[in-house]
Chemist: 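Here's a structure for you.
All values reported here derive from a predicted model rather than from experimental measurement.
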There are 2 protein chains.
Amino acid sequence: MTGPTIESRALRYFVAVAEELNFSRAADRLGISASPLSRAIRALEADMGVTLLERSTHGVSLTPAGAVLLEEGRSALDAAQAAVRRAQRAGASTPQIVLAVKADSDAGLLDAILARYAAQDPALPVTVRLCGWAEQPRLLRRGEADVALVHEPFDRTGLDAEPVAVEPTVAAVPATHPLAHEGRATLADLGLPMTGPSDLAGVRRHQDNLVDRHGIRDLAQLLALVELGRFVTLVPRSVADRYPRRGLAYLDVPDAPPAVLAIAWPQQSRSTAVAALVRAATEPEPAQHAL
Amino acid sequence: MTGPTIESRALRYFVAVAEELNFSRAADRLGISASPLSRAIRALEADMGVTLLERSTHGVSLTPAGAVLLEEGRSALDAAQAAVRRAQRAGASTPQIVLAVKADSDAGLLDAILARYAAQDPALPVTVRLCGWAEQPRLLRRGEADVALVHEPFDRTGLDAEPVAVEPTVAAVPATHPLAHEGRATLADLGLPMTGPSDLAGVRRHQDNLVDRHGIRDLAQLLALVELGRFVTLVPRSVADRYPRRGLAYLDVPDAPPAVLAIAWPQQSRSTAVAALVRAATEPEPAQHAL
DNA sequence: GTCAGTTACGTGTTTCGTAAGTATT
DNA sequence: AATACTTACGAAACACGTAACTGAC
């Protein structure tokens, strides 16, 4: 059992195999042939003195040790990648700060935040990176973004966050829905799981399932499917305001947990630019002094 | 500018140079000669398309990009090490859970916590790892420990924590101190920096400075120096109770922030054993039902 | 002249791919 | 027979150390 130093190559190889649970596919993904991959994993197991993979008759499976190495190794690789990307940005001739936002998930505040940040004294150029459903935390962890606007709840591991805005949640239903003309409904009316007042996790999980199942990539697709009567969904009011559609009705849902928009950044960030952008997003509106 | 993949060797080399700010010493520390080190760093800079080190007449210094890569690269290396160590422990024939504790910093609760944990159904053997002054977070981040008992404030980056116990802070002064027989004193009386009621950081920083300056490694040394009249120090009451010394007096300090002992663990830990140990440490005492 | 960092060059190790081997369906 | 993982072997790439080079004190 050698020391704890590991080459990132070995870790990348292992993660690929552990994710695919198949040497050939993993080798493909890595752009190498299966032979060096097999040897590398065996060497890694020998170095660590631990069996990582169970090669049984019915394919490859993870041992407990392998499961741990997959989980923790993945985040170590993310961290290394993040280190490189952030260093590259810090060393660029015109350093930029990257803000990740899911399209239409800014509660209409993006412009105001950017303007407020730009008004501060040493303000770096901000690149807005649009991303998919729950990609923001991943982009932060991989160093592809420095800050993100993201709706709660999200995986806070390694991240810090401050709330930016709270707004009511409304339900999107087909115009043909029995309650479409009521203007309001309860979660139970809509067949959505009941949750405690402060627990959005249930509703969110429900929506994530739908998103996964139908391979939805953006809001327009989601709303189109709602329009077709496939299901109903919950969205922040600001999203509803931005997407009026003839075939859709939006209902108030008094018992739905409110939508909380937060600004998140890597916990270990020491960047003053990030801090300034966070301040711009969270500071209360400056009081309007009378003339 | 190549992709963001980096070999951990390159990262280790860079961190060594960035910490030493000197190629020869860094090469020494790494156990290689200066030549491959110089080449490796230049290759890394070329790969990344960024200058990391400023080689000027008066030695080596970090560029902004280098500073970022040092900070983030260090934690990426820690994460990789942690992944390996935790996987090794998970794969061991008799998996153990490692609890890091600074000697005498358990508020006398260690035995009770261990007993309560051991009473749970699937309880793993617990290895108590004694460590130095503020080593616990580092041990957690490097995977050398799974859980830690640590006094606040500490660097929470990447860690989660729950409070375990709060106890009054007392001052240790030489028996010859003018206030030794008063039994109590204020921070101002003792010449310690004033801090807000909820801010221990000032006092803690003051103590850390002293610890660093005198190279103190354990409590006995610290108290011996206090006894010699070199300075005064603040300790939790439980520590005072455990170290009665003839040459020392302990004074109540009503305006000192209380000492908060917390149990901390890596944020991404999915280990049920860790969760059970945390529960054992934080759960309220079971109510004593009357007969 | 010495100290610190870099470049030049020859050597040894590591990693690769192709191809053959073994086992399961 | 086909698929999936492993072992065997020769070739290419990589990292190393010694030694020579450059510039600053």
Chemist: Is there a donor on the side chain of Ser35(B) or the base of dT7(C) sitting less than 3.5 Å from an acceptor on the other?
Modeler: yes

Chemist: Would you say Asn22(A) reaches dC5(D)'s phosphate, i.e. side-chain N/O to OP1/OP2 under 4.0 Å?
Modeler: yes

Chemist: Return each pair, listed once, that meets side-chain hydrogen bond (donor to acceptor under 3.5 Å, both in side chains) where at least one residue sits in residues 51-63 of chain A; pairs must be two or more places apart or across chains.
Modeler: Glu45(A)-Arg55(A)

Chemist: When the distance from CD1 of Ile41(A) to P of dT15(C) is rounded to whole Å, what number comes out?
Modeler: 12 Å

Chemist: Determine: side-chain N/O of His58(B) to OP1/OP2 of dC25(D), distance under 4.0 Å, yes or no.
Modeler: yes

Chemist: What's the CD-P distance between Glu54(B) and dT6(C), to the nearest Å?
Modeler: 12 Å

Chemist: According to a strict under-4.0 Å criterion, is Ser24(B) in side-chain N/O contact with OP1 or OP2 of dG5(C)?
Modeler: yes

Chemist: Just to confirm, is there a sub-4.0 Å distance from OP1 or OP2 of dT15(C) to any side-chain nitrogen or oxygen of Arg39(A)?
Modeler: no

Chemist: Decide yes or no for Thr157(A) and Arg141(A): does some side-chain heavy atom of the first lie under 4.5 Å from some side-chain heavy atom of the second?
Modeler: yes

Chemist: Find the distance Asp28(A):CG to dA4(D):P and express it as a whole number of Å.
Modeler: 11 Å

Chemist: If I take atom CZ in residue Arg42(A) and atom P in nucleotide dT15(C), what distance separates them, rounded to the nearest angstrom?
Modeler: 16 Å

Chemist: Check Arg138(B) with Glu144(B), please: is the shortest side-chain N to carboxylate O separation under 4.0 Å?
Modeler: no

Chemist: Atom CZ of Arg12(A) to atom P of dT15(C): distance rounded to whole Å?
Modeler: 12 Å

Chemist: Could you give the CD1-to-C1' distance, from Ile32(A) to dA12(D), as a whole number of Å?
Modeler: 16 Å

Chemist: Rounded to whole angstrom units, what separation is found between the CG atom of Leu44(B) and the C1' atom of dC14(D)?
Modeler: 16 Å

Chemist: Return whichever of Thr57(A) or Pro36(A) has its heavy-atom-nearest nucleotide of DNA chain C closer to the 5' end.
Modeler: Pro36(A)

Chemist: Can you tell me how far P of dG5(C) sits from CG of Leu30(B), to the nearest Å?
Modeler: 13 Å

Chemist: Any Lys/Arg nitrogen of Arg142(A) or Asp78(A) sitting under 4.0 Å from an Asp/Glu carboxylate oxygen of the other?
Modeler: yes

Chemist: Does Arg86(B) come within less than 4.0 Å of Glu71(A), counting only side-chain N to carboxylate O?
Modeler: no

Chemist: Would you say Arg55(A) places a side-chain N or O within less than 4.0 Å of OP1 or OP2 belonging to dT6(D)?
Modeler: yes

Chemist: Consider the side chain of Ser38(A), meaning its heavy atoms from C-beta on, and name the nucleotide among dT7(D), dG17(D), dG5(C) that approaches it most closely.
Modeler: dT7(D)

Chemist: From dG5(C), dT15(C), dG17(D), pick the nucleotide closest to the side chain of Arg9(A)?
Modeler: dT15(C)

